[in-house]
Amino acid sequence: MTRHEKDTDTLDPREAAELDALEAALAGSTADPEWAALVAAVRDEPPAAGDRAKEILNARVAAGFPRESRRPGWLHLPSRSRLLPALATASALVIGGVVVGTGGLGESSSDTSVSS
């Protein structure tokens with residue numbers, strides 16, 4: 001990992017020296033024992049993960065990290081939680097279309113009857 005520099009960036013020489021020492025420690029150089037000890041401590045500390053995350057990772061490791069299928073995008077169906085709002089909207093539009101197409105709600109048959 002290297003420091004991103006722009007032409008407009010200016011660092012204090014002490015800050016630049018600290019970043020260089022950190023980068024050297026991350027690269028495995030033992031130029032500064034304090035930075036090397038910090039990097040070693042951070043690398044030795046495993047990240048906290050829940051039991052479920054550990055199970056999933058262990059299963060993927062055991063399976064050799066299989067790649068996901070390369071099916072075309074249109075074959076992947078969204079989950080039910082993503083489909084529910086779309087289905088509700090489509091249902092409302094269909095019901096609204098039926099109501100408008102049949103002439104509305106609440107009309108009585110006496111309004112359309114032919115008197116003799």
Side-chain angles (χ1 to χ4, degrees):
M1 179 165 68
T2 61
R3 185 174 56 229
H4 178 73
E5 296 181 21
K6 295 181 183 177
D7 293 335
T8 58
D9 287 344
T10 55
L11 287 176
D12 180 90
R14 287 178 290 158
E15 293 171 341
E18 289 288 315
L19 286 174
D20 289 339
L22 174 60
E23 288 178 0
L26 288 170
S29 171
T30 57
D32 186 346
E34 288 181 29
W35 281 114
L38 176 64
V39 168
V42 169
R43 287 185 174 156
D44 289 342
E45 182 73 26
D51 291 337
R52 181 68 181 137
K54 289 177 185 176
E55 289 174 15
I56 291 170
L57 184 58
N58 287 336
R60 292 190 65 209
V61 168
F65 292 98
R67 295 187 184 269
E68 293 186 24
S69 74
R70 301 282 182 184
R71 293 186 293 172
W74 59 272
L75 288 177
H76 293 282
L77 295 176
S79 66
R80 290 182 189 184
S81 62
R82 296 179 80 191
L83 278 178
L84 191 57
L87 290 174
T89 302
S91 299
L93 290 173
V94 167
I95 292 170
V98 169
V99 168
V100 169
T102 58
L105 294 173
E107 289 185 10
S108 65
S109 61
S110 62
D111 295 339
T112 58
S113 65
V114 178
S115 34
S116 354

Chemist: Looking at side-chain heavy atoms only, is the closest gap between E45 and V42 below 4.5 Å?
Modeler: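 No. Closest side-chain heavy atoms not under 4.5 Å.
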
Chemist: Determine, stepwise, if the pair R43 / L38 fulfils side chain to side chain contact (heavy atoms under 4.5 Å, CB included).
Modeler: CA-CA 9 Å; R43 287 185 174 156; L38 176 64; over 6 Å; no

Chemist: Mind listing the side-chain donor-acceptor pairs of residues 84-93 below 3.5 Å, one per line with the distance, residues two or more places apart or on another chain?
Modeler:
{"from": "T89", "atom 1": "OG1", "to": "P85", "atom 2": "O", "distance (Å)": "2.9"}
{"from": "S91", "atom 1": "OG", "to": "L87", "atom 2": "O", "distance (Å)": "2.9"}

Chemist: Of all residues at least two apart in sequence or in a different chain, which pass the side chain to side chain donor-acceptor pair (under 3.5 Å) check with R14?
Modeler: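 R14 satisfies side chain to side chain donor-acceptor pair (under 3.5 Å) with D12 only.
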
Chemist: Please list, chain by chain and in numerical order, all residues satisfying side-chain contact (heavy atoms from CB on, under 4.5 Å) with A21, sequence neighbours excluded.
Modeler: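 Partners of A21 under the side-chain contact (heavy atoms from CB on, under 4.5 Å) test: D32, W35.
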
Chemist: Between V99 and T102, which heavy-atom pair has the shortest distance, and what is it?
Modeler: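 Scanning both residues completely, I find the closest heavy atoms to be O-OG1, 3.2 Å.
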
Chemist: Enumerate the salt bridge (charged side-chain N to carboxylate O under 4.0 Å, His left out) contacts for residues 90-101, please, sequence neighbours excluded, ordered by first and then second residue.
Modeler: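 Residue pairs with at least one partner in residues 90-101: there are none.
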
Chemist: For the residue pair E18 and L11, establish whether any side-chain heavy-atom pair is separated by less than 4.5 Å.
Modeler: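 No, too far: nothing below the 4.5 Å cut-off.
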
Chemist: Can you tell me how far the OG1 atom of T10 sits from the CD atom of E15, to the nearest 0.5 Å?
Modeler: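 Result: 9.0 Å between the selected atoms.
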
Chemist: Of the non-hydrogen atoms in V39 and A25, which two are nearest, and what is the gap between them?
Modeler: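 Smallest interatomic distance, heavy atoms only, reads CG2-CB, 3.8 Å.
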
Chemist: Can you give the donor-acceptor pairs under 3.5 Å from side chains of residues 50-65 to other protein atoms, not counting sequence neighbours?
Modeler:
{"from": "R52", "atom 1": "NH1", "to": "E55", "atom 2": "OE1", "distance (Å)": "3.4"}
{"from": "N58", "atom 1": "ND2", "to": "K54", "atom 2": "O", "distance (Å)": "3.2"}

